[in-house]
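For reference, the structure discussed in these notes is given below.
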Amino acid sequence: MNEDQIYISSKIWFKKNNFIILAGQPPNGSDHIPVIEIKESSNIDKGSRGSYKPDLVVQKNNSIIVVECKPRFDKNDQEKLSNIIYSEDRKKELFKELVQRKLINKDKEQLNYNNFISNLRYCMSFSGENNKLDKISYLKIFDDNGNAELIQPNETLYSITI
Amino acid sequence: MYTIYSDNLIEANWFKSLNKKFSDSKVVLIKSRGNNLPIIEKIISYDRPDIILLKNNKPLLVVEKTREVPTGHNVGQRMARLVRSVELQIPTIYFFPFGSMKHGEHAGVCEMNARILLAFKKIWKIHNCPIVAVNWLSDEDGEIIKDGTEDKEISNIINILEKDSFNISNKIFQKLKIDNENEYLERVKRYKPYSKKPPSVYEIKTIKFINKFKNRLSTESIESLTKREDSIVYKIGLNEKTDPRQDPYTGMQFIYDYCYCRNGQNVNDKEKNLILEFPEIRNEIWLKKNPNNLNTKSSNWYLTANLLLFKDGDIFLR
């Protein structure tokens, strides 16, 4: 499967499991969802250098999940997500983007920042096998129709609730 | 059965969802140049559109879609591929937000560069083939709508066309043409500069231009330029340090060509010369970075202008 198929299949899987698709940047093209950009904290005012656009951002209840899609397990995607996990600035930027674009807290504050970070989760989508990761879940994609299996991370604190 | 050619499965699936008759259509991803059906090769020779709809290998429609508002200079980014399809007599629809919220430090509602609508009007007239813009609507906060209802109008247009076998003379195109013309007039009323040339473009008597730059122009260029009394010069701010790039300039040249120069289908049919001026680049460096190689997009620099003018010379094109 190519990256498009992984993206499409991931989107179907999340929808099937009652997640709301908030945003994303599909590979090589435009989707109908907003693109959000998490800027490098040292480069907030200077354009896109160091910024990161997640492939998908989905939500269920209070939990927001940042998803990266690739045909196979990809070390760079793991790094991109780890950069959010270990950076308070990136989390703040992500929260700011979601609020500013009215993707969350549109009419009233349903999710404050502390709630947001404690419920923020991370997922990599790809086809094939891989070892469990500590803080990042992975979605093992079987086909391009949204058939997939969610593999939870080692640390239960980072598990995604379906 | 229909065949949908696309760069991308996500866009192909979106297009497929616009009409029930497309549900069993075949989706084919456009391959790299030289590896597609001859008609697809022709269509993608300037650049690749998002969607090419075919039936029995006959192209029926080209659709380009973006969620970004084509503001300012960005409006040229997708122009070459749109022009190409109309040159080949394929009706073309460009679906994009006419205005929507830009986020970030300088957040605010951005509006399209309305000159694209003027260019569409001229392109249609010259090639006698529909090219229209369809608005991707925004909500009251300027955020583009993304709950599915944004596709209502384009889906309706596709349904009407499908029922009429994608007849190029279908009245829906005429309606959209009038809508686009009114939109242009409305936008010019709100922002007068759209009725004039932008600061990067100026008109000059050809003789004056030749006198000013004669030490950079070849005899062949001078002879050819003098055939037209007036010239349009598009001044491009690239320099020798910038990486080779085409977008949005090679698309903008089409907008200026059709808005201010062209009067016929052939690229030589111009009432005024079109000159691309690069005041910060030497001829030799240009040729190294942007050769007229048909296998790359750098060949788009050579598609429509009469002349490329550099700080130390020129390239005569036509």
Side-chain angles (χ1 to χ4, degrees), chain A residues 1-12 15 20-41 43-49 51 53 55-58 69 71 93-107 141 143-146, chain B residues 4-18 27-32 48-51 63-70 74 77-78 81 94-97 100-109 136-152 154-155:
Chain A
M1 273 187 287
N2 63 31
E3 204 172 333
D4 287 351
Q5 289 167 309
I6 298 287
Y7 173 87
I8 291 168
S9 196
S10 304
K11 228 173 119 179
I12 298 172
K15 277 186 188 168
I20 302 163
I21 311 292
L22 294 180
Q25 162 97 316
N28 324 310
S30 62
D31 204 343
H32 278 217
I33 52 177
V35 178
I36 59 164
E37 190 171 8
I38 307 170
K39 291 209 173 190
E40 175 70 58
S41 57
N43 195 44
I44 297 293
D45 297 323
K46 302 172 192 162
S48 294
R49 190 166 48 84
S51 71
K53 293 173 182 170
D55 288 342
L56 276 172
V57 180
V58 302
C69 304
E93 273 299 306
L94 173 59
F95 184 72
K96 202 173 93 184
E97 277 277 294
L98 293 169
V99 173
Q100 198 178 50
R101 287 169 188 272
K102 298 189 171 69
L103 299 171
I104 56 171
N105 297 348
K106 189 168 181 179
D107 302 316
I141 305 284
D143 58 27
D144 53 9
N145 286 321
Chain B
I4 299 166
Y5 275 80
S6 176
D7 225 6
N8 176 295
L9 271 180
I10 296 147
E11 277 156 0
N13 285 348
W14 164 77
F15 186 74
K16 219 171 159 177
S17 74
L18 296 179
V27 171
V28 182
L29 291 180
I30 300 171
K31 298 182 186 76
S32 55
R48 301 149 76 101
D50 289 332
I51 301 290
V63 177
E64 184 67 23
K65 176 193 140 207
T66 177
R67 58 193 317 286
E68 306 290 337
V69 184
N74 293 334
Q77 193 157 341
R78 294 155 184 262
R81 62 192 87 164
Y94 188 14
F95 179 49
F96 63 92
S100 82
M101 180 64 78
K102 183 189 172 205
H103 291 274
E105 290 302 302
H106 308 288
V109 173
W136 181 332
L137 295 169
S138 300
D139 65 18
E140 66 276 10
D141 298 321
E143 299 292 344
I144 59 166
I145 293 172
K146 47 199 181 293
D147 60 3
T149 56
E150 71 275 17
D151 290 337
K152 214 173 144 190
I154 189 149
S155 176

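Below, all heavy atoms of this structure are taken into account, side chains as well, without hydrogens, waters or symmetry copies. Letters go in sequence order (proteins before strands), and every chain restarts at 1.
- Nearest heavy-atom pair, A/P34 versus B/K146, reported as atom, atom and distance to 0.1 Å: CG-CE, 3.1 Å.
- We find the CD1-NE2 distance between B/I10 and A/H32 to be 11.0 Å, quoted to the nearest 0.5 Å.
- For B/K31, the side chain to side chain contact (heavy atoms under 4.5 Å, CB included) partners at least two apart in sequence or on another chain are B/N35, B/N36.
- For a residue to count as touching a neighbouring chain, one of its non-hydrogen atoms must lie under 4.5 Å from one of that chain's; by this rule A/I21 does not touch chain B.
- Neither the backbone nor the side chain of A/D144 comes within contact range of chain B; no heavy atoms are under 4.5 Å apart.
- Between chain B and the options A/N2, A/I8, A/V35, heavy-atom pairs under 4.5 Å are most frequent for A/I8.
- Of the atoms belonging to A/I33, it is backbone heavy atoms, and not side-chain ones, that fall under 4.5 Å from chain B.
- A/D55 is linked by a salt bridge (Lys or Arg N to Asp or Glu O under 4.0 Å) to nothing, counting only residues two or more places apart in sequence or in another chain.
- A pairwise comparison of heavy atoms in A/D4 and B/L9 identifies OD2-N, 3.3 Å as the closest pair.
- When atom types are taken as modelled, the side chain of B/N8 and the backbone of A/P27 share a donor-acceptor pair closer than 3.5 angstrom.
- The two atoms that bring A/Q100 and B/E143 nearest to each other are O-OE2, 4.2 Å, heavy atoms only.
- Looking at B/L29, the atoms closer than 4.5 Å to chain A (heavy atoms on both sides) all sit in the side chain, from C-beta outward.
- In this structure, B/N13 CG and A/K11 NZ are separated by 9.5 Å, a value rounded to the nearest 0.5 Å.
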